[in-house]
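Computed from a predicted model, the values in this text were never measured in an experiment. In the text below, chain A, chain B and the rest are named by the order of the sequence lines, each starting its count at 1.
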There are 2 protein chains.
Amino acid sequence: MELSERKIKILQAIIRTYLETGEPVGSRTISKDSDLNLSSATIRNEMADLEEMGYIMQPHTSAGRIPSDKGYRWYVDSLMTDKTNEIIDIKQDLEDKAGKIDILLQYIAKLLAKDTNYTSMVTKPRYTHKKIKFVQLTDVDEHQILAVIVIEGNIIKNKLINVVENIDKEAILKMNIILNTFLQGLDITEINMQVIANMKAQAGNYATILSDVLDAIAEVIAEADNIEIYTSGATNILKYPELSDSEKASEILYTFEEKKQLTQLIGDRISEEENRGIQVYIGDETPVESMKDCAVVTATYEIEEGVYGKVGIVGPKRMDYEKVVATLQNLMTQLDDIFKEKS
Amino acid sequence: MELSERKIKILQAIIRTYLETGEPVGSRTISKDSDLNLSSATIRNEMADLEEMGYIMQPHTSAGRIPSDKGYRWYVDSLMTDKTNEIIDIKQDLEDKAGKIDILLQYIAKLLAKDTNYTSMVTKPRYTHKKIKFVQLTDVDEHQILAVIVIEGNIIKNKLINVVENIDKEAILKMNIILNTFLQGLDITEINMQVIANMKAQAGNYATILSDVLDAIAEVIAEADNIEIYTSGATNILKYPELSDSEKASEILYTFEEKKQLTQLIGDRISEEENRGIQVYIGDETPVESMKDCAVVTATYEIEEGVYGKVGIVGPKRMDYEKVVATLQNLMTQLDDIFKEKS
DNA sequence: GTTAGCACTCGTTTATTAGGAGTGCTAATA
DNA sequence: TATTAGCACTCCTAATAAACGAGTGCTAAC
């Protein structure tokens with residue numbers, strides 16, 4: 001069976017009404033509220049068809065219809081072709097905060113959660129090809145060296161290194177030179193045994209200290225590799241009765257508290273082309289078990305050539321897709337503008 | 001009326017049973033479970049007295065009794081005199097993590113939440129008298145300076161400063177010297193207009209840049225002043241029926257998500273002597289509105305002379321005070337040992 | 001002082017009922 | 001042929017009632 005023009009209108013009406021109310025919607029409601037001028041009986045016939053086709057379902061006989069996952073999917077897909085133009089101007093707010101990327105992202109998460117009444121999450125962008133800009137050692141006291149490592153994209157990391165031997169100024173000076181000659185401009189994937197061996201050879205007496213320093217650098221870089229995720233509005237899910245029962249809520253909230261699992265949702269596979277743009281996961285489509293009763297919308301932002309992060313919204317399946325998608329699209333362009341301006 | 005020996009035993013029995021079950025406890029239960037060998041009628045008489053004295057109350061006529069806040073308070077106070085000796089050996093775990101204080105604290109929070117099944121929170125210790133160890137500027141590129149600021153207690157902060165003028169090596173060198181001559185060893189409260197004016201005088205041509213740098217330093221220091229709080233196990237509160245209804249849970253969880261309000265609970269007044277040691281807040285005693293149905297136990301740790309942080313546990317009023325207090329006491333001594341060893 | 005006994009209270013559970021929203025089907029209608 | 005009015009039927013929900021039972025307070029006897 002095909003989706004006739006009329007069926008489409010009815011299906012849309014059902015889904016829209018359900019998104020608003022969260023209650024099963026009956027034939028009479030559609031008959032009255034839509035501009036189709038059809039009796040409830042006709043609507044009923046069409047609804048029977050739509051059910052057979054899998055777009056809607058009944059929680060029980062003698063209840064109205066609610067959208068199935070397939071129904072939501074259809075709805076979302078049909079939305080994507082429209083150009084919606086809801087505008088929420090956060091650009092101004094954003095510009096003030098553009099100085100510090102992590103504060104900015106945290107702020108965006110908060111804004112999104114507040115604006116949508118769903119839960120938001122934002123990943124810190126991940127530099128896949130990190131080149132070392134420079135490394136600098138400073139002596140703090142006789143047994144401590146402070147290493148400052150600056151990676152492309154102005155990610156700054158520091159670490160205190162405890163060293164057994166006494167440290168003199170000369171050692172620091174020499175190591176600074178060695179480190180920078182060898183590492184500057186190097187992609188971190190290029191730091192191999194060969195490079196390290198060469199450095200150690202040059203370091204002579206200071207090889208042990210250098211080894212400590214290199215360990216620290218490795219550690220720091222590994223750390224930068226962890227995906228950091230900011231979330232906001234987790235408690236918003238308690239506002240939706242279908243999610244707020246103790247068990248479900250507990251699972252979902254736990255996921256947000258732990259954050260680890262969120263990686264699967266917005267951390268993975270950013271580099272793959274097809275995962276860019278706006279993605280919608282409905283119910284079982286999400287890779288995270290605890291969110292099987294939720295819908296997730298994600299979007300990818302680019303802060304500079306090849307450096308991506310993601311933004312996501314989690315809510316009930318009956319979330320206001322239109323608004324969420326529009327909001328995210330809007331946010332993305334505004335972020336684009338901000339980052340473009342800066343560079 | 002006085003609390004007779006027998007009344008004490010009955011009160012204890014009531015509270016203990018209620019802590020376990022969370023259900024009102026009746027006279028017959030006490031009569032059978034305790035070693036008093038009294039009939040339920042006698043217990044009833046005593047219970048009527050205890051109720052009159054305010055230690056227990058009835059949720060409604062013909063229900064058993066539950067402890068009132070006063071009852072809990074009495075119970076907790078009586079616990080404090082006992083020497084409990086439950087031992088949970090986390091020391092070994094802790095030592096591995098002692099390298100990085102924030103990871104350590106985060107880990108402690110997790111451990112506590114897991115161990116107690118309540119919610120835990122840990123503040124990062126706050127250095128009240130922060131002396132600047134040193135400041136170091138490095139040129140990143142022509143218009144960016146990287147400032148690294150090390151404060152006593154090895155708190156390291158860095159900030160990228162955008163400068164309009166071109167920067168040459170000489171400027172950097174000169175400013176480094178000025179900054180360190182003036183600021184090194186200075187308590188941050190001592191950096192006043194006078195000092196700044198003197199520095200600017202010395203800086204000559206570089207005064208504008210110096211001004212930017214000082215702004216950045218001020219910002220960084222202000223940031224270090226914020227109390228950071230790690231929490232864990234927030235979703236645990238959903239395990240307790242008396243807290244898990246949507247509204248209450250939402251409020252409490254929101255408090256943990258936002259964290260701001262937690263400051264009132266474990267951030268404030270650490271320096272005041274009487275707030276050290278173990279503190280128990282029951283119901284309305286807590287300064288945080290959303291936790292009026294909870295109990296909060298806090299403890300203070302000292303990582304070095306004069307540098308304090310706090311650890312807190314939040315749970316239902318019927319929390320297992322004995323275990324929580326013992327766990328915290330234990331944790332405190334173990335932390336003490338670890339930090340003492342290190343210095 | 002303690003306890004057995006008993007009437008009474010009141011929340012909880014279970015059963016019953018009434019109401020109503022919504023359906024599917026059929027037959028009449030345009 | 002498509003639409004619609006009508007009606008019997010389903011089944012959820014809310015309301016009401018009844019049965020239950022845990023627990024109490026009080027009294028009177030031990």
Report yes if a side-chain nitrogen or oxygen of [X] is closer than 4.0 Å to either non-bridging phosphate oxygen (OP1 or OP2) of [N]; otherwise report no.
X: Thr61(A); N: dC11(D); result: yes
X: Ser27(B); N: dG23(D); result: no
X: Arg6(B); N: dG1(C); result: no

Note: Glu257(A)-Lys110(B) ion pair, threshold 4.0 Å (strictly below):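 No, Glu257(A) and Lys110(B) are not salt-bridged.
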
Pairing of Asp77(A) and Arg73(A) as salt bridge, 4.0 angstrom limit: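 The answer is yes: the pair qualifies as a salt bridge.
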
Find the distance [X]:[atom1] to [N]:[atom2] and express it as a whole number of Å.
X: Glu46(A); N: dA2(D); atom1: CD; atom2: C1'; answer: 10 Å
X: Met57(A); N: dT23(C); atom1: CE; atom2: P; answer: 15 Å
X: Arg28(A); N: dG24(C); atom1: CZ; atom2: P; answer: 17 Å
X: His60(B); N: dA22(D); atom1: NE2; atom2: P; answer: 13 Å
X: Arg65(B); N: dT9(C); atom1: CZ; atom2: C1'; answer: 13 Å
X: Glu51(A); N: dC25(C); atom1: CD; atom2: P; answer: 11 Å
X: Ile43(A); N: dA21(C); atom1: CD1; atom2: P; answer: 18 Å
X: Gln58(B); N: dG23(D); atom1: CD; atom2: C1'; answer: 8 Å

Earlier contact from the 5' end, DNA chain C, for Arg44(B) and Met47(A):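 In this pair, the answer is Arg44(B).
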
Along DNA chain C (nearest heavy atom to each residue), the more 5'-positioned of Asn45(A) and Pro24(A):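 Mapping each residue to its closest nucleotide by heavy atoms, the 5'-most match is Pro24(A).
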
Touch class at under 4.0 angstrom, heavy-atom based, for Ala41(A) against every strand present: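 Contact class for Ala41(A): base.
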
Nearest-0.5 Å distance that lies between atom CD1 in Ile30(B) and atom OG1 in Thr17(B):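 Output value for this atom pair is 4.5 Å.
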
Plane angle bin for Tyr18(A) and Tyr72(A) - parallel if under 30°, tilted between 30 and 60°, otherwise perpendicular: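 Tilted.
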
Residue Ser62(B), side-chain heavy atoms: nucleotide from dA5(D), dT3(C), dG23(D) that is nearest: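 The closest nucleotide is dG23(D).
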
Side chain of Ser39(B) (C-beta onward), nearest among dT23(C), dG25(D), dA4(C):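 Comparing dT23(C), dG25(D), dA4(C) against the side chain of Ser39(B), the answer is dA4(C).
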
Neighbour count above 12 (heavy atom, 6.0 Å) for Lys259(B) NZ: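 More than 12 within 6.0 Å, yes.
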
